[in-house]
Amino acid sequence: MTRKVNYSASLCRHDFGLLHARIKDAVAYTAIYLAAFYAVLVLAGIILYVFAKGFPVLDLPFFTTVTSVVNGTVGIAGNMVNTVYIVVLTLIAAVPTGVGAAVWLNEYAASCKAVRLIEFATETLTGIPSIVFGMFGMVFFGTTLGLGYSILTGALTLSLMILPLITRSTQEALRAVPDGYRDGAIGMGATKWHMIRTILLPSAMPGIVTGILLAVGRIVGESAALLFTAGSGYLLPDVGSGLVHKIMESGGTLTIQMYLSMARAEYDTAFGIAAVLLCMVLAFNLLLKLLTRRWNRISR
Amino acid sequence: MDIRLQQADYNRAQGEASMSLTGKRSHTQRIEVLAESVFTVCAFFAVFAVFAITLYMIANGVPAICRLGVREILFSSVWKPTAADPSFGILYVILSSVAGTALAVLLGVPAALLTAVFLAEVAPRPLAAVVRPAVELLAGIPSVVYGLLGMLILNPLMYRLEQRLFRGSGTHQFTGGANLLSAALVLAVMILPTVISVSETALRAVPEQLRASSMALGASRIQTIFRVVLPAARPGIVTAVVLGVGRAMGEAMAVNLVSGGSVNVPLPFSSVRFLTTALVSEMGYAEGLHRQALFTIGLVLFGFIMIVNILLHRILRGADGP
């Protein structure tokens with residue numbers, strides 16, 4: 001009799017334990033779904049809010065004029081041109097260096113120690129915050145090299161910042177090139193440089209382009225590293241030789257202009273620029289997705 | 001099409017190689033040597049850059065320490081750089097950065113880990129296809145945009161909370177919602193993408209057998225995730241958290257406008273100034289000793305980041321090994 005009672009009691013306890021575990025599971029599932037939902041909600045909230053506040057500001061003069069008290073215009077044309085300048089100059093400086101570094105690391109490097117040193121340096125560059133890059137750029141490019149507050153200073157600073165990105169994505173792409181390609185080319189008598197130029201780099205092109213797109217996204221969104229290097233000029237360059245001189249003049253990108261507008265409590269302009277920036281981010285992401293999908297299909 | 005192109009390249013390569021046998025050798029060789037040396041220079045460029053940055057940060061950050069003394073600058077809490085009798089104590093600035101980062105990680109990492117679990121373990125395909133791009137997009141949003149929204153949405157809410165909490169308090173300085181907690185909340189969102197994507201990778205790298213064995217022993221899916229998969233992915237998750245710490249510590253623009261900006265003891269509801277925001281807001285006009293002191297702040301920030309980097313390097317190398 002007593003035995004039976006004990007048995008049912010333990011059964012009961014067992015049931016209770018199971019129930020307890022079930023409840024715990026349910027709580028955990030809820031938490032997990034909530035967390036994921038939260039991430040999506042934050043993104044959707046940001047995009048909707050910025051678009052709702054920003055799109056009413058956007059009209060043609062906003063894109064085609066510069067802010068001027070005399071003409072009574074509020075516009076970001078100068079900042080858009082500056083952004084293009086900075087993106088192009090940064091890529092000109094960083095892409096060859098980054099790709100070259102990746103080629104050396106993957107194809108030439110013989111000493112393990114050198115590779116480890118370079119990879120450590122690359123990792124370190126990734127971790128350095130942009131404001132530190134900004135300070136370094138201001139002192140080194142701006143003062144030591146005498147470039148002052150200029151688009152060139154800003155671009156050179158940013159090129160240090162995106163160097164790891166380019167190096168890493170190129171390295172990954174080079175690693176994915178089958179060794180047979182290399183052996184085949186070398187076996188047919190191609191020199192190493194020739195093999196790199198005609199076989200490896202073209203095969204690694206999708207990876208390199210991905211890296212460049214990611215880098216452009218970062219440059220467009222960057223602000224802290226540019227505040228004290230490229231300055232905050234917002235005028236359009238003169239057509240002609242002014243286009244070249246512009247490189248040595250100060251020029252604020254869209255993000256810098258947005259920051260300054262916020263600091264001056266001109267929230268309409270800030271939201272307008274924010275909407276433009278978000279559109280660019282969305283476009284880059286979409287482009288990246290489409291390209292990756294295409295390349296995956298081709299390689300399959 | 002690719003193969004045919006490469007065939008043509010092979011042929012050309014062969015042609016050039018055979019030409020080099022008939023006398024152009026020295027030219028080809030010269031190009032080879034040139035190419036290799038150019039690549040070598042490119043490769044060591046990152047090392048030069050890190051070396052130069054370290055050198056410049058130290059060279060510019062140390063003079064203020066020498067002039068004022070370590071105690072006067074690092075362990076004094078009075079920051080009045082523009083007063084008639086200026087003082088340059090950055091203790092509160094350092095503590096604010098540490099507190100803000102810790103709070104952001106505390107708030108952000110649990111949500112990020114759960115989202116990573118969702119993506120790697122739980123999510124049905126269609127849902128993952130929504131959440132993953134959303135996380136990627138969050139990473140791409142410029143930090144000034146986070147700052148703008150923090151300033152216009154979060155700060156007013158925080159102000160209301162502040163008014164409710166401190167009603168009748170005679171000592172509290174009202175901040176209008178721009179305080180340490182606001183900054184930490186913005187930072188918590190900003191570190192989400194990094195922590196999520198790195199820990200998701202770590203979770204995916206856990207071998208399937210571990211899950212299968214755990215389930216075979218009668219554990220539920222959730223028990224498996226929390227008792228088996230997460231512990232197995234620990235090195236990767238630690239990496240993710242450390243990366244998050246680095247990001248939160250170095251973020252400047254977004255927090256500059258939501259954190260208030262006066263140098264204070266880092267309490268949740270007081271207006272604070274971080275290492276990064278001190279640089280952003282004062283570098284523009286600082287001169288003389290003030291400027292040097294700002295570079296010292298930069299050096300401290302750089303020191304923190306280097307510690308984070310070295311920690312990260314250690315963890316990654318440890319994980320690669322046994």
Side-chain angles (χ1 to χ4, degrees), chain A residues 21 25 28-29 31-32 35-36 38-40 42-43 46 49-50 97 100-101 103-105 108 117-118 120-125 127-129 131-132 135-136 139-140 160 163 184-185 188-194 198-199 217 221 223-224 227-228 255 258-259 262 267 270 274 277-278 281 285, chain B residues 6 9-10 13-14 16-17 28 31-32 35-36 38-40 42-47 49-50 52-53 56 60 111 114-115 117-118 122 130-131 134-138 140-145 148-149 151-152 189 192 220 222 246 250 252-253 257 276 279-280 283 298 301-302 305 308-309 313:
Chain A
D25 277 16
Y29 270 120
I32 290 171
Y38 167 72
V40 178
V42 167
L43 178 79
I46 289 176
Y49 194 82
V50 167
T97 323
V103 168
W104 190 84
L105 285 172
Y108 284 96
L117 178 69
I118 292 166
F120 176 67
T122 312
E123 261 170 46
T124 309
L125 276 185
I128 292 178
I131 182 76
V132 172
M135 291 177 74
F136 171 73
V139 185
F140 181 70
L160 295 181
L163 186 68
M188 283 171 151
T191 60
K192 198 160 188 175
W193 164 231
H194 194 93
T198 55
I199 310 286
S223 43
L227 196 58
F228 304 117
T255 44
M258 187 182 152
Y259 173 76
M262 275 155 73
Y267 296 121
L277 284 172
L278 280 192
V281 168
N285 262 50
Chain B
Q6 275 154 11
D9 283 334
Y10 279 152
Q14 213 172 15
E16 278 188 23
T28 320
I31 289 183
E32 282 301 305
E36 182 165 0
V38 168
F39 287 136
T40 316
C42 288
F44 280 95
F45 195 76
V47 181
V50 170
I53 291 174
Y56 263 79
N60 285 295
L114 288 176
T115 312
V117 166
F118 177 80
V122 179
V130 175
V131 176
V135 171
E136 282 165 19
L137 271 178
L138 272 183
I141 292 179
S143 54
V144 273
V145 175
L148 178 67
L149 295 178
M151 194 171 163
L152 293 184
V189 173
L192 278 183
S220 72
I222 290 291
M253 300 304 253
L257 293 163
T276 49
L279 295 174
V280 169
M283 201 48 132
L301 174 66
F302 187 67
I305 293 295
V308 167
N309 269 334
H313 194 66

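By convention in this document, chain letters (A, B, ...) are assigned in the order of the sequence lines, proteins followed by strands, and residues within each chain are numbered from 1. Remember, it's a predicted structure, so these values are computed and weren't measured experimentally.
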Counting only heavy atoms closer than 4.5 Å, note whether I53(B) contacts chain A via side chain, backbone, both or neither. both
Checking heavy atoms, do the side chain of V145(B), its backbone, both or neither come under 4.5 Å from chain A? both
side-chain contact (heavy atoms from CB on, under 4.5 Å) evaluation trace for T40(B) with Y108(A): CA-CA 8 Å; T40(B) 316; Y108(A) 284 96; over 6 Å; no
Chain B contact via D25(A) - which portion, at a heavy-atom distance below 4.5 Å: both
Can you say whether Y49(A) sits under 4.5 Å from chain B via the side chain, the backbone, both, or neither, judging by heavy atoms? side chain
Chain B interface, residue from G217(A), A274(A), G127(A) that has the most non-hydrogen pairs under 4.5 Å: G127(A)
What part of L257(B) lies closer than 4.5 angstrom to a heavy atom of chain A: side chain, backbone, both or neither? side chain
Contact summary for M253(B) and L227(A), nearest pair of heavy atoms: CE-CD2, 4.0 Å
Answer with side chain, backbone, both or neither: which region of L149(B) has an atom nearer than 4.5 Å to a non-hydrogen atom of chain A? side chain
Take Y38(A) and V189(B), measure what side-chain contact (heavy atoms from CB on, under 4.5 Å) needs, and give me the verdict at the end. CA-CA 10 Å; Y38(A) 167 72; V189(B) 173; 3.6 Å; yes
Option that, when pairs with chain B are counted at under 4.5 Å, heavy atom only, ranks first among V40(A), V42(A), L163(A), V139(A): V139(A)
Options V130(B), V38(B), I305(B), V308(B), ranked by heavy-atom pairs under 4.5 Å with chain A, top entry: I305(B)
Quick check on M258(A) against chain B: is it the side chain, the backbone, both or neither that has a heavy atom closer than 4.5 Å? side chain
Sort out for me which of A39(A), S223(A), A31(A) touches chain B most, counting heavy-atom pairs under 4.5 Å. S223(A)
Which answer fits L137(B), side chain, backbone, both or neither, if we ask what part of it has an atom under 4.5 Å from a heavy atom of chain A? both
Closest heavy-atom pair, L279(B) versus F228(A), reported as atoms and distance to 0.1 Å, is O-CZ, 3.6 Å
Tell me, side chain or backbone of Y267(A) under 4.5 Å from chain B's heavy atoms, or both, or neither? side chain
Proximal component of L278(A), with respect to chain B [non-hydrogen, under 4.5 Å]: side chain
Segment of L148(B) engaging chain A (4.5 angstrom heavy-atom cut-off): both
Shorter than 4.5 Å, heavy atoms on both sides: which option in L192(B), V135(B), V280(B) has the most such pairs with chain A? V280(B)
Could you tell me which non-hydrogen atom of W104(A) sits nearest to which non-hydrogen atom of A43(B), and how far apart they are? CE3-CB, 3.5 Å
Stepwise, does the side-chain contact (heavy atoms from CB on, under 4.5 Å) test hold for I131(A) with M283(B)? CA-CA 11 Å; I131(A) 182 76; M283(B) 201 48 132; over 6 Å; no
Under a 4.5 Å heavy-atom cutoff, which of M151(B), E36(B), E136(B) has the most pairs with chain A? E36(B)
With chain B as the partner, which of I46(A), I128(A), V50(A) has the greatest number of non-hydrogen pairs under 4.5 Å? I46(A)
Note: P142(B) and V281(A) closest approach over all heavy atoms is CD-CG2, 4.0 Å
Where A121(A) and V50(B) come nearest, the two heavy atoms and their spacing: O-CG2, 3.4 Å
Can you name the closest pair of heavy atoms from I222(B) and I32(A) and give their distance? CD1-CD1, 4.1 Å
Quick one, M135(A) with Y56(B), criterion side-chain contact (heavy atoms from CB on, under 4.5 Å). Give me CA distance, side-chain angles, the key distance, then yes/no. CA-CA 9 Å; M135(A) 291 177 74; Y56(B) 263 79; over 6 Å; no
CD1 (I31(B)) and NE2 (H194(A)) are apart, to the nearest 0.5 Å, by 11.0 Å
Would you confirm whether E32(B), through its side chain, and W193(A), through its main-chain N or O, come within 3.5 Å as a donor-acceptor pair? yes
Only pairs of heavy atoms separated by less than 4.5 Å count here; which of L277(A), T124(A), V132(A) has the most with chain B? T124(A)
